[in-house]
2 protein chains.
Amino acid sequence: MTQRTASDAGQTGGLPRQRRTFSIGELAKIFEVTPRTIRFYEQEGLLAPERRGQTRIYCEKDRVRLKLTLRGKRLGFSLAEIREVVMMYDAMPDGNARQLQRLLEILADKRANLERQLEDIRLMHKELDDVESRAREVLSGLGVEPPKH
Amino acid sequence: MTQRTASDAGQTGGLPRQRRTFSIGELAKIFEVTPRTIRFYEQEGLLAPERRGQTRIYCEKDRVRLKLTLRGKRLGFSLAEIREVVMMYDAMPDGNARQLQRLLEILADKRANLERQLEDIRLMHKELDDVESRAREVLSGLGVEPPKH
DNA sequence: GCCGAGGTTTACGTTAACGTAAAGTGCTTG
DNA sequence: CAAGCACTTTACGTTAACGTAAACCTCGGC
């Protein structure tokens, strides 16, 4: 785990609103991933940046997609699952009824997943509290001042 | 993802309290994993059941360990990370100060991770709401009654 | 006494998600 | 114009977390 704190990076910071584009290296730095990762996501159908010559040009929309993808990953979704949602989202306007129904199903599934994760987090939190207090007890029993946190 | 709903399975249901043991197959059924998975966790140092002959006998404590392990997995922890906490927890009474300090560090790290996940879930929830409402709009635009959920 | 159900070990196979290395392209800067 | 830097493609390597298959034991029942 030990994820660095790029957190939800990628704010544009009040620029000319919309004509900002990014190179693959810029995006990589912003989100603290390697260019290889970004190219891999494209190969998996999660991104489709424009090209100038053979160089990739990422627009604002691409940046958002990448952000959502990484968030999904942190929540344990596979790239395939993420693609399933992201692509349907894009194809929505001309999506037929069956597709949309399917999308709603998927969303419900994801939602259930999030609920379970919330519960897991609650429980895990308790465990951590327990382990920590036990550790602090033992420490002070050793005459060592534990860090106040 | 699409995790089945064994959820937090594995309640003993008011039995003689404590002398209950389990075969590998029983545990596998309870938690909806394969015996292979359970053996693998043992090989990775997450479980250490007793043996009768060469057959594994799991006690209540083993069951709890497995439960915690699976919960950790659902939260995206690697087996190595889970082992790190679980084993230190067990070795606590005779753990030296350095070990315990390290444990507290790890716990803080996990905690930070959970915080981030909570935020991610909040955000993801919003996205799902957005996608879903858009989908419902399009659907009703097609004259199709979307499921009331 | 044999059979099937469940357990065991050993070992090779598989999948996802990248890492890494090689070899080439293209700009711009001293 | 040579060097360097950022980009590209191609392709093989790696790790985690199991799956799967083969070959074996062992026990209760008929």
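A note on names: the letters A, B, ... follow the listed sequences, proteins ahead of strands, and every chain is numbered from 1. Note that the coordinates shown come from a computational prediction; the quantities given were computed from them, not determined experimentally.
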> Do Y58(A) and I38(A) have side chains that get closer than 4.5 Å, going by heavy atoms?
Replying inline: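 The answer is yes; the side chains approach within 4.5 Å.
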
> Which heavy atom of R51(A) sits nearest a heavy atom of I57(A), and at what distance?
Replying inline: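 For R51(A) versus I57(A), the nearest heavy atoms are C-CG1, 4.4 Å.
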
> At their closest point, which heavy atom of E44(A) faces which heavy atom of R83(A), and how far apart are they?
Replying inline: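 For E44(A) and R83(A), the tightest heavy-atom pair comes out as O-NH1, 2.7 Å.
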
[N] [atom2] sits how many Å from [X] [atom1], rounded?
X	N	atom1	atom2	answer
F77(B)	dA17(D)	CZ	P	13 Å
I57(B)	dG6(C)	CD1	P	16 Å
R51(A)	dT25(C)	CZ	P	16 Å
R39(A)	dT10(D)	CZ	P	12 Å
Q43(B)	dT15(D)	CD	C1'	14 Å
I24(B)	dA5(C)	CD1	C1'	15 Å
I38(B)	dA17(D)	CD1	P	16 Å
E42(B)	dG7(C)	CD	C1'	13 Å

> If you check every side-chain atom of S23(A), which of dG7(C), dC7(D), dT8(C) has the closest atom?
Replying inline: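 Nearest nucleotide to the side chain: dC7(D).
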
Any N/O pairs under 3.5 Å between the protein and nucleotides 18-24 of chain D? List them or say none.
from, atom 1, to, atom 2, distance (Å)
dC18(D), OP2, Y41(B), OH, 2.6
dC18(D), OP2, K73(B), NZ, 3.0
dG19(D), OP2, T34(B), OG1, 2.7
dG19(D), OP2, T37(B), OG1, 3.4
dG19(D), N7, R36(B), NE, 3.1
dG19(D), O6, R36(B), NH2, 2.9
dT20(D), O4, R36(B), NE, 3.2

Presence of salt bridge, [Y] and [X], under 4.0 angstrom:
X	Y	answer
R56(B)	E50(B)	no
E119(A)	R122(A)	yes
R111(A)	D129(B)	yes

> Base, sugar-phosphate, or nothing for R52(A), non-hydrogen atoms under 4.0 angstrom?
Replying inline: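 Touches nothing.
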
